[in-house]
Amino acid sequence: MPSLADLQGGFAAALRDAGLPPPATIAGQARQPQSRRFDVYRNNRMASLIEALESAFPALRQLVGDAFFKAAAKAYIDLDPPQSPVLLLYGQGFGKFLDGFPPASQVPYLGDVARLEWARLNAFHAADAASLAIDRLAALPPADLAGLRFELHPSLQLLHSRWPVVSLWASSSGTDPDAAVEMSQGQDAMVIRPALNADTRILPAGGYDFIGRLLAGAPLAEAAELAALRDPAFDLAVHLQGLFEVGAVTAVLPAGPEPKQE
Amino acid sequence: MTIPSRAGLGLKAQHYDVILDTRPDVGWFEVHAENYMGAGGPPHHYLTRIRRDYPLSLHGVGLSIGGAQPLDEAHLARLRDLAERYEPGLVSEHLAWSTHDDIYLNDLLPLPYTDEAVMRVSDHLDRMQQVLRRQVLLENPSTYVAFENSALSEIDFLQAVAKQSGCGLLLDVNNVLVSATNQGYSAEAYIDAFPLDLVGEIHLGGHATEREATGGTLLIDAHDRAVDDQVWALYARTLARGGAKPSLIEWDNDLPAWETLYAETLTAERFIAAQVFCGPKDPAPLPRTQHAVAR
């Protein structure tokens with residue numbers, strides 16, 4: 001008599017590999033070659049996991065079509081099955097998988113569209129926090145501004161892309177069906193969900209570095225300097241205003257003693 | 001808030017707004033715990049508001065109670081946190097397994113009914129009830145295969161587990177019909193033998209019917225349509241012997257309009273009312289007539 005562990009091991013292996021026969025531990029008629037009974041479990045598993053990816057990556061599905069999406073999803077599930085019962089957040093590696101998925105080699109931007117949707121999914125389920133208005137800054141002495149550190153919203157996500165990832169997403173998600181897609185222009189994206197709806201934005205010049213440094217805990221002046229160095233067109237006033245407008249700032253921390261760097 | 005012996009409904013995101021806008025007279029709602037295991041965002045926003053006005057039942061689908069391997073303590077902690085946050089009137093899980101090694105298989109997989117499995121399931125329920133500090137209900141499964149080494153009937157298995165762990169039972173009447181049809185036993189006899197005194201909740205759902213290549217009928221627990229008349233009849237039979245219980249309408253796929261779903265809860269409530277007012281002798285005629293009108 002097989003142990004429970006062995007029985008489940010054999011069952012799980014056959015479940016994941018349609019090339020294997022149904023497990024020998026199951027009774028009678030379900031083991032016959034013409035029986036579909038074990039396939040019910042195989043189908044339930046695969047169809048429900050594909051569905052999870054469909055609901056996580058709706059724009060990508062729209063972009064590539066249903067048949068291509070299903071085939072890609074199935075290959076991804078075989079390679080990188082979920083390891084947590086919290087399927088809300090399954091699909092982290094789907095972008096990377098698509099980067100190397102041979103049938104997608106002619107559409108090299110699919111991976112970034114998947115990464116943008118993954119960012120949106122994470123923003124959707126991220127912790128909630130109240131945003132600050134920009135007048136919080138006006139109350140501070142100007143001399144203090146340079147050393148301020150910002151706590152940013154837990155839902156905030158950044159994505160750097162050499163493709164026009166936001167335009168591609170907007171045109172296929174239905175958010176902006178007429179979005180102009182200029183394939184030669186990369187876009188940096190920011191996703192944030194300050195209340196109920198996720199907001200997906202194209203970041204202006206230097207924004208990715210600026211917000212990235214703020215997220216890492218750098219003081220305002222340091223983040224601005226780095227952004228200006230990377231992109232001379234960086235405009236601090238525009239970015240500050242923008243950050244507060246989208247609800248990205250949840251706390252302003254006064255300048256503390258500089259950490260010694262020697 | 002305790003769950004009343006009325007009809008409840010599986011809560012779906014598509015219906016958040018209509019529920020909050022119209023406050024329908026539904027006895028209670030049930031959610032799949034795993035759908036609320038994100039840190040924040042709209043799911044919690046809406047559930048918090050709905051919870052203010054309705055009793056809530058928490059139904060886990062991913063703990064793998066029947067797994068040979070130890071329970072996932074991180075997942076159990078998530079379940080505990082959710083139960084602390086929403087204070088559900090009932091917490092339930094399935095007689096099934098869904099994780100092997102570190103792979104989550106996302107289906108409610110069947111167990112062999114052996115003494116070893118009784119021990120495993122009871123130990124896992126012990127642990128779950130210890131962490132959640134409350135009794136948990138265990139649901140009878142819908143099955144498509146059985147195992148050669150099963151030595152106990154499903155009911156004996158459930159009874160043994162309930163005795164050892166102190167858990168209650170969730171009787172899914174649709175699962176009874178699905179499993180009975182697929183395994184070739186009588187659904188009525190199963191209902192008649194079920195320990196209804198241990199039952200804290202009933203599930204009602206729709207199933208699909210397929211024809212097997214071998215000629216037999218295969219029922220699939222699809223939750224994608226209205227409750228079948230045969231299931232209503234089994235439900236009436238359950239109520240007649242066990243009395244009114246919290247009864248959930250489960251409709252998870254191919255969701256209909258809110259009105260259709262709501263009508264299903266009214267049908268269930270008519271069965272409950274017929275039981276309360278007519279007594280156990282004559283449960284069927286009133287609800288079945290009105291049920292036809294409600295369709």
(message) Between B/E148 and A/R31 (salt bridge meaning N to carboxylate O under 4.0 Å), is one present in this structure?
(response) yes
(request) Sort A/L7 into side chain, backbone, both or neither according to what part of it lies under 4.5 angstrom from a heavy atom of chain B. (result) side chain
(request) Without swapping roles, check the side chain of A/Y41 against the backbone of B/L108 for a donor-acceptor pair under 3.5 Å. (result) no
(request) Mind telling me whether A/F11 and B/W97 have parallel, tilted or perpendicular rings, with 30° and 60° as the class edges? (result) perpendicular
(request) Considering non-hydrogen atoms only, spot the tightest contact between B/Y104 and A/S84 and give its length. (result) CD2-O, 3.4 Å
(request) Would you name the heavy atoms of A/L4 and B/A117 that are closest together and state the gap between them? (result) CD2-CA, 4.2 Å
(request) Can you see which heavy atom on B/V145 is nearest to which on A/A30, and at what distance? (result) CG1-CB, 3.7 Å
(request) Keeping the roles fixed (side chain from A/R45, backbone from B/D107), state whether a donor-acceptor pair exists under 3.5 Å. (result) no
(request) Anything in residues 75-82 of chain A with a heavy-atom distance to chain B below 4.5 Å? Please list those residues in order. (result) A/P81, A/P82
(request) Counting only heavy atoms closer than 4.5 Å, note whether A/L89 contacts chain B via side chain, backbone, both or neither. (result) neither
(message) Looking at A/Q8 and B/A68, would you say the former's side chain and the latter's main chain have a donor-acceptor pair under 3.5 Å?
(response) yes
(request) Measure the shortest side-chain to side-chain distance between B/I103 and A/R16 over non-hydrogen atoms and say whether it is less than 4.5 angstrom. (result) yes
(request) Measure the CG-OH distance between B/N106 and A/Y90 for me, rounded to the nearest 0.5 Å. (result) 9.5 Å
(message) To check you understand the geometry: which heavy-atom pair defines the closest contact between A/R193 and B/G40, and what is its length?
(response) NH2-C, 4.2 Å
(request) List the atom of A/A127, the atom of B/A39, and the distance in Å for their closest heavy-atom pair. (result) N-CB, 3.6 Å
(request) Indicate the atoms forming the closest heavy-atom contact of A/A12 with B/L105, along with that distance. (result) CB-CD1, 3.9 Å
